[in-house]
Amino acid sequence: MKAGFVQTSPRFGDIRWNVDDAVERIRALCGSTGATLVALPELFSTGYQFKSAKEALDLAEDASAGYAAKRLGEAAKELGVFIVAGFAEKSGRKVYNSAVLIGPKGRVGTYRKAHLFSNEKKIFSPGDTPFEVYKAGRARVGMMICFDWLFPEAARTLALKGADIICHPSNLVLPYCPAAMITRSLENRVYAVTANRVGAEERISGKRLKFIGTSQIIAPDGKVIARAGRVRPCAHAADFDLKAARDKRITPVNDIFKDRRTGFYEL
Ligand code: ACM
């Protein structure tokens, strides 16, 4: 199968523009490569730097009925593909930093970011959904969001639950994640697709955020299959061999899951 990412440059607060732009890029990527799974960045439809929890609540959308969910759902149906997208999810009076997996038949699953980064703690409710694995065609897909990369338990849990591919919507500002995700892939023998954004936001005076781009696709052996630049929106897709992600042997006598010494680990 083929899977990939779309790296975007959202306009803060302009949900219609951001969603329509992303849908056009998904359509172009799937049309030119035959990709059937595409990841979008974290908070792709709103932008990142909310000034307040109230502003986030005003811009957040329902996971099924919002403009982003509806347009992505239509695109997934029309193209016959699965899409993972990060968005501000409104649920009652709460706002979560969420990711949704949408397929040709509609929403498959939602994940709410467990590890909130920096100022996000003032904006979002902490995630209350477990790390879960969903079927997307033949692939088993797990989701984690941006800063979750720093907590190896996130990717490990998804891998132990059978993920072949971890889709990782991101809005990275620190430099460490692209290299760290090589280890996350290698130590779990899974594919990882990090979809990041480019551009900068300074909606809070003196708190300029520059997003690092470098969206990437990592193979179960840690190979960097694709890595985007730091400045421009773009899209990439690659061939994924699901058998490679399901074979946890790293030598003929080392299966990285069977060799775990769980009795020695602090949980
Ligand atoms: C991040 O979690 N958006 C850095």
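The structure presented is a predicted model; accordingly, all values stated were derived computationally and were not measured. In listed order, ligands and their atoms are each counted from 1.
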Glu120/Lys113 under salt bridge (Lys or Arg N to Asp or Glu O under 4.0 Å): CA gap, chis, key distance, verdict:
CA-CA 10 Å; Glu120 290 173 26; Lys113 188 176 185 178; 2.8 Å; yes
Report the residues that fulfil salt bridge (charged side-chain N to carboxylate O under 4.0 Å, His left out) with Lys243, sequence neighbours left out, ordered by chain and then residue number.
Asp241
Would Lys90 and Asp62 pass as an ion pair if we require N to O under 4.0 Å?
no
Please name all residues satisfying ring-ring contact (aromatic ring centres under 6.0 Å, His included) with Phe87, sequence neighbours left out, ordered by chain then number.
none
Ordered by chain then number, the protein residues lying under 4.0 Å from ligand 1 by heavy atom are Glu42, Tyr48, Lys113, Phe117, Glu120, Cys146, Phe147, Asn171
Please check if any side-chain donor atom of Asn97 sits under 3.5 Å from a side-chain acceptor atom of Glu42, or the reverse.
yes
Please identify each residue that fulfils ring-ring contact (aromatic ring centres under 6.0 Å, His included) with Phe147, with sequence neighbours left out.
Phe117, Phe151
